[in-house]
Amino acid sequence: MSYDASLTDIQIEDAYQAAKGRYAVIGVDTEAALERAATLPISLHCWQGDDVGGFETKDEAVEGGGIMATGNFPGKARTADELRQDIKQAIDLLPGTQRANLHAFYCETGDDVVDRDALEPKHFDRWMAWGQEHGIGLDFNPTYFAHPKANDGYTLAHPDKAIRDFWIQHAVASRRVAEAMADAQAGDCVNNHWAPDGAKDHPSDRLGARQRLIESLDTVFDASHGIGPGCVDALEGKLFGLGVEDYTVGSNDFYANYALSRDKVLCLDMGHFHPTESVADKIAAHLPFHKKLLIHTSRPIRWDSDHVVLFSDDVRNLFLEIVRSNALDRVYVGLDFFDASINRIGAYVIGTRATRKALLFALLDPTARLCELEQEGKLAQKLGLMEDMKTMPFGPVWDMLCLQSDVPTGASWIGEIETYEREVLASRG
Ligand code: RNT
Ligand code: ZN
């Protein structure tokens with residue numbers, strides 16, 4: 001079956017020209033929006049491709065960390081080569097600029113068992129060569145979970161100094177890897193720290209672990225390591241995780257303060273707040289204080305479930321806030337979801353296209369006009385125009401972005417992942 005009416009380039013162009021005219025009436029320049037929407041990099045999280053498993057050479061399998069991919073759709077990447085192939089396939093179906101976001105446990109150490117505190121840039125040589133070959137920038141993350149020394153539920157905030165030191169060494173090692181990636185790609189590599197530390201039930205001492213986390217992080221970021229500015233460290237807070245329902249040491253408040261006081265980037269993950277909180281509203285609350293923000297687009301359903309991102313109100317509103325605050329050059333955008341129950345390349349394509357759609361949608365906002373109406377006290381007019389934007393001919397502008405990027409328009413990418421599923425994924429055991 002076919003998933004999309006196959007439109008000719010001329011039909012796409014005609015529909016776009018009509019849409020362009022309608023946006024122009026309210027002062028929106030679709031050409032400028034298309035140009036800007038293509039250039040903002042979106043970093044594809046490598047962990048959607050293998051259900052957050054990693055490729056460490058190790059003797060025993062370890063899980064945990066309060067996150068979990070559910071589902072058993074066949075064809076998950078079993079090796080780094082397969083994962084690179086899958087991510088490349090996804091990127092080939094995506095308009096605009098994409099990056100790839102690696103976790104430390106996607107290292108390649110051959111037959112050697114290399115523990116996390118001993119990782120070196122050379123263990124990511126093949127990823128870096130791949131990035132260079134395809135012009136894909138890399139981002140990085142230390143992996144503070146799925147490890148025997150994380151089994152107590154504490155890492156950088158562990159009461160045992162020896163365990164803290166191990167994770168501090170890992171964090172420093174990760175910064176060196178990120179620095180090497182930045183050098184190789186002659187541009188920043190965002191190194192995002194998320195640690196699962198926390199407690200299942202009421203701790204009697206909430207402050208102690210937070211003080212230990214501060215101390216550990218200050219050691220990790222100490223200037224004496226001599227790590228260059230290409231490694232851009234970010235810190236991601238969280239509300240709760242599986243098995244750490246009551247208390248997360250690195251909560252959102254904690255990291256907002258830590259990042260601000262240490263001049264680090266604050267990461268906001270859309271799944272890491274109370275379900276009724278608006279992550280979009282946080283943008284303009286943090287921007288006056290923080291130089292930059294890292295966004296993880298995700299989709300929580302009832303809890304931090306990390307469903308595939310869709311073109312939802314939440315994601316649109318988030319990008320609207322970024323655009324209305326004129327802050328596109330102050331955000332890094334990464335994806336964070338992991339669904340093992342559907343074709344994983346499909347998951348990448350749906351989630352990344354949804355994120356870029358939200359960006360383009362936001363760039364088509366008649367912000368100047370809305371602000372004028374608001375200042376004049378014409379609030380019904382403002383609300384009415386906002387509402388009308390939702391049914392403007394956005395689809396043709398999106399199609400034009402895909403056409404300009406030479407990737408499938410509409411839903412026609414679905415056929416391509418079906419072919420890939422048949423020809424590549426089906427042969428994986
Ligand atoms: C976990 C955080 C974190 C992870 C990845 C694997 O809740 O969102 O970003 O998903 O680091
Ligand atoms: Zn995240």
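Just so you know, these numbers come straight off a predicted model, no measurement behind them. Any value given below was found using the heavy atoms of this structure, including those in side chains, with hydrogens, waters and symmetry copies removed. Start at 1 and go down the list; that is how both ligands and their atoms are numbered. Position 1 is the first residue of the sequence, and the numbers go up from there.
In this structure, atom 7 (O) of ligand 1 lies nearest to the protein heavy atom K238 NZ, 2.6 Å. What sits closest to atom 10 (O) of ligand 1 on the protein, heavy atoms only, is D336 OD2, 2.7 Å. Here the protein heavy atom with the shortest distance to atom 6 (C) of ligand 1 is H103 NE2, 3.3 Å. Among protein heavy atoms, the minimum distance from atom 9 (O) of ligand 1 is reached at E236 OE1, 2.7 Å.
Considering all non-hydrogen atoms of both residues, P121 and R176 come closest at CG-O, 3.8 Å.
Residues L293 and L287 have side chains in contact (heavy-atom distance under 4.5 Å, counting atoms from C-beta outward).
Residues D246 and R206 are paired through a salt bridge, judged by an N-O separation under 4.0 Å between the basic side chain and the carboxylate. Taking 4.0 Å as the cut-off between side-chain N and carboxylate O, R428 and E82 count as a salt-bridged pair. Using a cutoff of 4.0 Å between basic side-chain nitrogens and carboxylate oxygens, D125 and K122 are not scored as salt-bridged.
Between W167 and H147, the ring planes lie perpendicular to each other; the angle is over 60°, past the 30° to 60° tilted range. Using cut-offs of 30° and 60° for the angle between ring planes, the F254 and Y258 rings count as parallel. The aromatic rings of F311 and F394 lie parallel to each other, with less than 30° between the two planes, well short of the 60° mark.
Distances below 4.0 Å separate heavy atoms of F338 from the following atoms of ligand 1: 10 (O). Within the listing of ligand 1, atoms 9 (O) sit less than 4.0 angstrom from a heavy atom of H296. If you number the atoms of ligand 1 from 1 as listed, the ones under 4.0 Å from a heavy atom of D269 come out as 8 (O). Listed by number with element, the atoms of ligand 1 under 4.0 angstrom from any heavy atom of I67 are 1 (C), 6 (C), 7 (O). For ligand 1 and H272, the ligand atoms under 4.0 Å from any heavy atom of the residue are 1 (C), 2 (C), 7 (O), 8 (O).
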**Request:** Please test D117 against H170 for side-chain hydrogen bond (donor to acceptor under 3.5 Å, both in side chains), starting from the C-alpha separation and ending with a verdict.
**Result:** CA-CA 4 Å; D117 58 339; H170 173 56; over 6 Å; no
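Distances from the Zn ion (ligand 2) to each N, O or S atom of D269 single out OD2 as the nearest. Nearest to the Zn ion (ligand 2), among the N, O or S atoms that H296 has, is ND1. Of all N, O or S atoms in D336, the one lying closest to the Zn ion (ligand 2) is OD2. For E236, the N/O/S atom at the shortest distance from the Zn ion (ligand 2) is named OE2.
Between H45 and ligand 1 there is no heavy-atom distance shorter than 4.0 Å.
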